[in-house]
Number of protein chains: 2
Amino acid sequence: MSSSPVEERSRAGRESAARVALVEATAQIMLDEGYAAATSRRVAAKAGVKSALVHYYFPTMDDLFVEVVRTRAEMNLQRQREALSDDEPLHALWRISSEHDARLWMEIMALANHRKAIRSEIAAYADRFRDVEESVVTLALRSHGADMAAFPPVVLSMIVAILPRMVVLEQHLGITRGHAEATAFVEQYLDRFELRKESRSDP
Amino acid sequence: MSSSPVEERSRAGRESAARVALVEATAQIMLDEGYAAATSRRVAAKAGVKSALVHYYFPTMDDLFVEVVRTRAEMNLQRQREALSDDEPLHALWRISSEHDARLWMEIMALANHRKAIRSEIAAYADRFRDVEESVVTLALRSHGADMAAFPPVVLSMIVAILPRMVVLEQHLGITRGHAEATAFVEQYLDRFELRKESRSDP
DNA sequence: GTCTATAATGCGATAGAC
DNA sequence: GTCTATCGCATTATAGAC
């Protein structure tokens, strides 16, 4: 290991500048031009290194894609953790979904449809993510004595997770119909289960 | 034109056997292996012709992809039209969404994210599709005197359209959490607005 | 309308120098 | 750890025979 003092805390060279740059460049190209455009030569150029280095860090391109999924999954789970300590975790989760880079995840899902390694990675992530979502929603509903048989928390959490992502995707395609109504509808339901009376326009 | 008597009714050679086979082969490869695998050579091989013929019918690969989108869009709009004459059009639309090839549309959307020609094509289709969905839902709600301000038809129609597609996609990725509950939830709402009392388990 | 042949480019991956 | 150089193959697209 040729770690300088500054790098010493990084885990076994997994965070060398070039490696991190390659993963980030790959995500960026996938987002901008699609997963098919993320070739070893293109990501190397964007990261400012030569393409042979891609194969030094990631023997196959699949290894690189898996690392992109892992990295972005951890980023999102971290954002989710932060949302839990929000005053209104339900609203915070909804906001995460909206800000979420839905378009990158669409690329990742399309990729996962045809690559086993990525499929397992994304499935594991989705399970962890939905775990947290469901428990937050369950808590919110319970504290309002909602009828959870008629309105299962996991369903509300799926709608809260999926609808805003779909709106983002559609907007990029030039589709806008129903978006305003869908957003208003979900927010109205969130308010119903998580509105701190003393905090709205009347502090 | 060298049309045989049988082919005479087809519009200006746009439906030659080879051309149709190429479009179908492309859709199949996109579904099975992703849009990146749909190369001129691969689709030609699958259609049983030589790759130069692909470029005879479709000067660029984008032209071919656009034709796939057009063809599948027309197929789905036709299925939708048939659903309208169903005894329970709301349930029929829900069924279409479920049977819908969500995975192919995911590929098409990923492709559309980065290719302008395909983007316009899919936007036009989505608008026509959602048009019909919305009016069917509006009719169903109105005939039950539902509160449409609190429950906008376009939102219900989005949920009815998106949720089952998402379930299909996730299932293929190995995610199952919440699927049964989501399905049951939507069906319960459909039944509420479109249940012919005399037809259920008591004919 | 369909083919053979080919040009020009880009790809993933590896060997080996430094 | 990063580079140069290269192998072998696939890609889109075109030219031109039939």
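For the numbers below, each heavy atom of this structure counts, side chains included, while hydrogens, waters and symmetry mates do not.
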Pairs of donor and acceptor atoms involving the side chains of residues 146-155 of chain B, under 3.5 Å and at least two apart or interchain, shall be tabulated with distances.
from: B:Asp147; atom 1: OD1; to: B:Ala149; atom 2: N; distance (Å): 3.1
from: B:Asp147; atom 1: OD1; to: B:Ala150; atom 2: N; distance (Å): 3.3

With a cut-off of 3.5 Å and sequence neighbours excluded, list every side-chain donor-acceptor pair involving residues 36-51 of chain A.
from: A:Thr39; atom 1: OG1; to: A:Arg42; atom 2: N; distance (Å): 3.2
from: A:Arg42; atom 1: NH2; to: A:Glu33; atom 2: OE1; distance (Å): 2.9
from: A:Arg42; atom 1: NH2; to: A:Glu33; atom 2: OE2; distance (Å): 2.7

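Take A:Gln78 and apply the side chain to side chain donor-acceptor pair (under 3.5 Å) test, not counting sequence neighbours, and it matches A:Arg81, A:Glu82. Remark: A:Asp63 pairs with no residue by the salt bridge (Lys or Arg N to Asp or Glu O under 4.0 Å) rule, at least two apart or across chains. Among residues two or more places apart in sequence or in another chain, the salt bridge (Lys or Arg N to Asp or Glu O under 4.0 Å) test is passed with B:Arg70 by B:Glu67, B:Glu121. Partners of B:Asp86 according to the side chain to side chain donor-acceptor pair (under 3.5 Å) rule, which considers only residues two or more places apart in sequence or in another chain, do not exist here.
Ionic pairing of A:Arg95 and A:Glu187 is not present here: no N-O contact between side-chain nitrogen and carboxylate oxygen is shorter than 4.0 angstrom.
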List, with names and distances, any nitrogen or oxygen atoms from the protein found under 3.5 Å away from nitrogen or oxygen atoms belonging to nucleotides 11-18 of chain D.
from: D:dT11; atom 1: OP1; to: B:Thr39; atom 2: OG1; distance (Å): 3.2
from: D:dT12; atom 1: OP1; to: B:Ser40; atom 2: N; distance (Å): 3.4
from: D:dT12; atom 1: OP2; to: B:Ser40; atom 2: N; distance (Å): 2.9
from: D:dT12; atom 1: OP2; to: B:Ser40; atom 2: OG; distance (Å): 2.5
from: D:dT12; atom 1: O4; to: B:Arg41; atom 2: NH1; distance (Å): 3.4
from: D:dA13; atom 1: OP2; to: B:Met61; atom 2: N; distance (Å): 3.2
from: D:dA13; atom 1: N7; to: B:His55; atom 2: NE2; distance (Å): 3.3

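The stretch residues 107-115 of chain B has no heavy atom under 4.0 angstrom from DNA chain C at all.
Computed from coordinates, the A:Leu53 CG to D:dG1 P distance equals 9 Å when rounded to whole Å. Between the C1' atom of C:dT4 and the NZ atom of B:Lys50 lies a distance of 9 Å, rounded to the nearest Å. A:Tyr57 has its OH atom 18 Å from the C1' atom of C:dA13, to the nearest Å.
Note on residues 162-178 of chain A: pairs passing salt bridge (Lys or Arg N to Asp or Glu O under 4.0 Å), not counting sequence neighbours, are A:Glu170-B:Arg130, A:Arg177-B:Asp131, A:Arg177-B:Glu134.
Looking at heavy-atom distances under 4.0 Å, B:Val49 makes contact with sugar-phosphate atoms alone, never a base.
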